[in-house]
Amino acid sequence: MKGGLIFDLDGTLVDSLPGIAGSLNRALERCGFASHDHADVRRFIGNGSYELVRKASPKGTSSEQILAVEDAFKADYATTWPEGTVPYAGVPDFLRKLAAAGVRMAVLSNKPHPFTQEIVERLFPGIPFDPVLGQRPDTPRKPHPDAALQIAGLWQADAAECFFIGDSTVDLETALGAGMKPVMVGWGYHDVAALEAAGAGEVIANLADLGALFKLF
Ligand SMILES: O=C(O)COP(=O)(O)O
């Protein structure tokens, strides 16, 4: 494979819903707002922490209040994410096989950059992701294609030779906008029907099918 594989994080490599929901609800309650069940929070994930909080806050909440809840969310998440964030079953082994086959791999998430780096380091030690990018203040977040194209640039690869693997329409739009090949997986936080309606093509149901797609093992 000339290019490489760019992975989304939340809902693709890791099940982070319990950790995100826990921190979000504690932050909302601390600021006097109602909390949400996991089914709701699942729908709020995908566009970064500001959008997560905005969608979870009552209509008409000012941007100052949203920023205050986002700060509380981040402060909580910094210490509590390990309690509610695990790799999906089989993912570490799958990634080790890809690495052994010499496949280049990166992570691109809308999760704030420091959390993205810490989570990947702690949950996937020894997997040679390069680079690992979260949401950074100087780069527009997905679905803007810039960060994905930065990765292709670092790899000195054509975008068309890169696969973008994710679970959401945000990832799909990122891949298409960057001119990369989208590969959507069905075990994350977006409904398969919504992905298909957005033009995802065949949504991959499990890791065996994902491995078979790349004809690597
Ligand atoms: O935390 C988010 O909002 C999304 O994160 P993801 O890009 O890894 O899915």
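This is a predicted model, so every value here is computed, not measured. Counting starts at 1 for both ligands and their atoms, following the listed order.
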Report task. Taking Asp8 for its side chain and Ile165 for its backbone only, find out whether a donor-acceptor pair lies under 3.5 Å. Result ->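 A pair under 3.5 Å: no.
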Query raised in the report: Got the closest protein heavy atom to atom 1 (O) of ligand 1, with its distance?
Result: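 The answer is Asp10 OD2, 2.8 Å.
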**Report entry** Closest protein heavy atom to atom 8 (O) of ligand 1, given as residue, atom name and distance to 0.1 Å
**Finding:**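 Answer, as residue, atom name and distance: Ser109 OG, 2.6 Å.
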Report task. With heavy atoms only and a cut-off of under 4.0 Å, state how Asn47 meets ligand 1: side chain, backbone, both or neither. Result ->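 The part of Asn47 near ligand 1 is the backbone, not the side chain.
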Query raised in the report: Any N or O on Ile45 sitting closer than 3.5 Å to an N or O of ligand 1?
Result: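 No, there is no polar N/O contact under 3.5 Å.
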Suppose I only count heavy atoms of [X] and a 4.0 Å limit; which atoms of ligand 1 are within that range?
| X | value |
| --- | --- |
| Asn110 | 4 (C), 5 (O), 6 (P), 7 (O) |
| Asp8 | 6 (P), 7 (O), 8 (O), 9 (O) |
| Leu9 | 8 (O) |

Under 4.0 Å, counting heavy atoms only: does [X] come that close to any atom of ligand 1?
| X | answer |
| --- | --- |
| Lys142 | yes |
| Gly48 | yes |
| Leu52 | no |

Query - From OG1 (Thr116) to CZ (Phe129), nearest 0.5 Å - result: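 Between Thr116 OG1 and Phe129 CZ, I get 12.0 Å after rounding to 0.5 Å.
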Query raised in the report: At what distance, to the nearest 0.5 angstrom, does CG of Leu13 lie from CD1 of Ile119?
Result: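 If I round to the nearest 0.5 Å, the distance is 11.0 Å.
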Report task. Taking all heavy atoms of Arg30 and all of Ala72, pick out the closest pair and write down the distance. Result ->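 Shortest heavy-atom contact: NH1-O, 4.3 Å.
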Requested in this report: May I ask you to check whether Ser168 and Asp171 show a side-chain donor-acceptor distance below 3.5 Å?
Outcome: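 Side-chain D/A pair, Ser168 to Asp171: present.
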Requested in this report: Indicate whether the side chain of Thr139 and that of Asp146 have a donor and an acceptor atom separated by less than 3.5 Å.
Outcome: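 Looking only at side-chain atoms, Asp146 and Thr139 do not form any donor-acceptor pair under 3.5 Å.
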Requested in this report: May I ask you to check whether over 12 heavy atoms, not counting those of Glu202, lie within 6.0 Å of atom CD?
Outcome: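 Result for CD/Glu202: open.
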